[in-house]
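Take a look at the structure below.
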There are 2 protein chains.
Amino acid sequence: MATNIHDVAKAAGVSVATVSKVLNGYTTVNANTKERVLQIVKELQFYPNSAARSLVGRRSMTIGIFLTTGLAHPFFTQILSGMEQALKSLGYDLIYLAQMSRAKEYSFVHHCHSRNVEGVVVFGFQQEEMSFDELIESGIPTLFIDLDIKKGRAGYISSDNHEAVERAIRYLIDLNHHRISFLSGNKDSYANRQRLEGYRSGLAEAEIPYREDYVSEGDFTREMGYQAMNKLLALAEPPTAVVCCSDMSAVGAMEAIQDAGLSVPEDISLIGFDDIEIASNIRPALTTTRQDMITIGRRSIELLDELIKDKELPPPEVIIPTELIIRKSTGPAKG
Amino acid sequence: MATNIHDVAKAAGVSVATVSKVLNGYTTVNANTKERVLQIVKELQFYPNSAARSLVGRRSMTIGIFLTTGLAHPFFTQILSGMEQALKSLGYDLIYLAQMSRAKEYSFVHHCHSRNVEGVVVFGFQQEEMSFDELIESGIPTLFIDLDIKKGRAGYISSDNHEAVERAIRYLIDLNHHRISFLSGNKDSYANRQRLEGYRSGLAEAEIPYREDYVSEGDFTREMGYQAMNKLLALAEPPTAVVCCSDMSAVGAMEAIQDAGLSVPEDISLIGFDDIEIASNIRPALTTTRQDMITIGRRSIELLDELIKDKELPPPEVIIPTELIIRKSTGPAKG
DNA sequence: TGGGTATAGTTAATCGTTCAGATAACCCTC
DNA sequence: GAGGGTTATCTGAACGATTAACTATACCCA
């Protein structure tokens, strides 16, 4: 078995309490004793058992992660890498609670309790049937990514979706476009709602009237992008520029445009969202909004840590700026 | 606080031992009592505290994951989704031990012990300075993905890299290619060694001599693919077909070919490896070997579970078949 | 009636920590 | 040298489960 605190205590000739105090930064320990204990700890490679530690009510240093979309989301690794930086410097481990759906009678929240999770990060877009009430009411500090929930000890972080689309529209208007479509993602998702608002206010700023038929309903997938674009192309007066809710849907839209014998950006300008790898790799390379998911990941853990440490802290609401990456899929409006 | 076993015992009018027995499937409990306890458990939404449970030496139901390459690897989410299926059905949670590099004096292995991790999955390619000796000697059941380590209680799972490249070569030879290059990845990685062998045996099968100058050294990146391809193009007698160690390096190679004013597949046929998203999205779409990372992920957990449950089990060594996806980047040899 | 044998349930030790409260050791002052 | 005040260290009771060892009861049979 691994060495425990008793082994250390024996080797150092002190009681376990003293070892514990040294390890937990209490000042009521003699400098020499402290020195000696630390020496033994290093020699014996002692690492306190976290189960025992969290059992007595000490911190578990565990953060749970919950994904509404499953693991296959393209941003997941980026978010995770951002999280990793903060996890390391703050000393948390990240636990993926997989049992969740196994037994319906046990909720995710109970699973969190049973694992003594100190806080939870939730990532993904809102799905109809999904409710986070139980989680929020349980009082477990929670940080949502891309979901605008702010209540109790739950706050959120997100890209500045509103500004991103507004900026894209502004850019297209500078290129002399007037007929600009918005290819929408999942309607009830927070990100999409914000983007739609950005679209409206971008148009309003330039005094271009909002047209219902220029806004497609859909989701963030490529297939939907293809279908939605076909509908726009079938309009009597099709748009000359389209802002898409994701790079994947922009790829779908691009295929639809090319299949219709038109070209990007000569006939139609296209702007994506996300700046995933494919954006720079398709031809023409996609003009898109880059989301800083690394920062979002890192900050989500930092904010959660603050929420964990301060029970009274009002829930955070943090918006991270985005960047418009101009590539080859946008150009001046014809005529 | 969350309900504990005492609350359940009190409500059911039995001792905690009886509750525990019901929950752990002991048969020495009367059917009625069992029924009543389970009823209360459900009512009170009792979920046993895993810290307490693992402290008494019971199973922690925790599997650790370690990545040699950092979190940003393109396959990571696929592996993870595969893992998820098995984790759910076997009841494990997955913990990402982030502290690891924070304090050098504490190793990953100690961190595993302190978290009472039952087994570890290691993913990534071998890096020079990296040693897994401590992990293997610690006796923690370990499953390596893409690293051929088999010793003690550590086994591995990997794609059939050898067969994959051999098959690719065979396919190119059927297309009448004779001058076939291998654009190599990180030299000491297991996957790459196997692929190189597959390359040699594929050529040998067709009695084509192995040429040193047709094998580039490199890594799995796009940049390296670009550079390596340029070197091949500079040869007096450049290859007519190139098998690449990854899709990213194939993308780099394709750029090099196109920048040289040549085209794929008319002048040079190109085969990738991995079948990541970009493979089907670049033009021409990339012929490539698809790795079944979902299955690898799922099996890695299943195998690890067997290793955990049976102390005497010889370490597994599992090879998962791949698939050649024929797209547009390969064609018949000229002339 | 007595004794053997299942069966059902209880008691209490245990895991490795933390920490409140007890104790010890020391110094200082009157 | 008694009393008081620090400072350093120790003792032992938690925390929430599991489980070996035990007890109580019921049942059966000679």
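Throughout, a chain's letter reflects where its sequence line sits, starting with A, and its residues are numbered from 1.
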Could you check which residues of residues 25-32 of chain A get a heavy atom under 4.0 Å from DNA chain C? Sort them by number, please.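 Going residue by residue through residues 25-32 of chain A, the ones with a heavy atom under 4.0 Å of DNA chain C turn out to be A:Y26.
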From [atom1] of [X] over to [atom2] of [N], roughly how many Å is that when rounded to an integer?
X      : N      : atom1 : atom2 : value
B:Y47  : D:dA17 : OH    : P     : 13 Å
B:N49  : C:dT17 : CG    : C1'   : 13 Å
B:N4   : D:dT18 : CG    : C1'   : 14 Å
B:K21  : C:dA8  : NZ    : P     : 10 Å
B:R59  : D:dT18 : CZ    : P     : 13 Å
A:H113 : D:dC15 : NE2   : P     : 17 Å
A:R115 : D:dA17 : CZ    : C1'   : 14 Å
A:K10  : C:dT17 : NZ    : C1'   : 16 Å

Selected nucleotide, minimal atom distance to [X] side chain, candidates [options]:
X     : options                : answer
A:A52 : C:dT18, C:dT17, D:dG16 : C:dT17
A:H6  : D:dA17, C:dT17, C:dT10 : C:dT17
A:L55 : C:dG16, C:dT11, D:dT18 : C:dG16
A:T18 : D:dT9, C:dG16, C:dT11  : D:dT9
A:V16 : C:dT18, D:dT9, D:dA17  : C:dT18
A:S20 : C:dT18, C:dG16, D:dC10 : C:dT18

Do side-chain atoms of A:S50 reach the backbone of B:S114 as a donor and acceptor pair under 3.5 angstrom?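 Looks like yes, one N/O pair under 3.5 Å.
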Could you tell me which non-hydrogen atom of B:S107 sits nearest to which non-hydrogen atom of B:E134, and how far apart they are? OG-OE2, 2.9 Å
Measuring to OP1 and OP2 of [N], would you say a side-chain N or O of [X] lies under 4.0 angstrom away?
X     : N      : result
B:N24 : D:dT19 : no
A:R53 : C:dT18 : yes
B:S15 : C:dG9  : no
B:R58 : D:dG16 : no

Could you go through the side-chain contact (heavy atoms from CB on, under 4.5 Å) check for A:S20 and A:Y26 one step at a time? CA-CA 9 Å; A:S20 177; A:Y26 285 75; over 6 Å; no
Before you tell me yes or no, could you show the steps for A:E302 and A:R299 under salt bridge (Lys or Arg N to Asp or Glu O under 4.0 Å), namely the whole-Å CA-CA distance, both residues' side-chain angles and the distance that decides it to 0.1 Å? CA-CA 5 Å; A:E302 289 168 356; A:R299 292 288 293 142; 2.9 Å; yes
Option passing side chain to side chain donor-acceptor pair (under 3.5 Å) with A:Q39 (candidates A:E43, A:R36, A:K42):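 Going through A:E43, A:R36, A:K42 one by one, the side chain to side chain donor-acceptor pair (under 3.5 Å) with A:Q39 is satisfied by A:E43 alone.
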Just to be sure I understand the rule, does B:S54 reach a base, reach only the sugar-phosphate, or reach nothing, if contact means heavy atoms closer than 4.0 Å? nothing
Assign A:T33 to base, sugar-phosphate, or nothing according to its heavy-atom contacts below 4.0 angstrom with the strands shown.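 Sugar-phosphate, no base atom in range.
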I'd like to know if B:R193 and B:D188 make a salt bridge, using a cut-off of under 4.0 Å between side-chain N and carboxylate O.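 The answer is no: the pair does not qualify as a salt bridge.
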Does the ring center of A:Y190 lie less than 6.0 Å from the ring center of A:Y156? yes
Tell me whether the rings of B:F108 and B:F66 are parallel (<30°), tilted (30 to 60°) or perpendicular (>60°). tilted
Look at the aromatic rings of A:Y47 and B:H111 and report parallel, tilted or perpendicular, splitting at 30° and 60°.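 Tilted: the ring planes of A:Y47 and B:H111 meet at 30° to 60°.
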If you draw a 6.0 Å radius around NZ in B:K309, do more than 12 non-hydrogen atoms from other residues or ligands fall strictly inside? yes
Kindly calculate the angle separating the two end axes of the helix from C:dT1-D:dA30 to C:dC30-D:dG1, each obtained from five base pairs, and round it to 10 degrees.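 About 70°, once rounded to a multiple of 10°.
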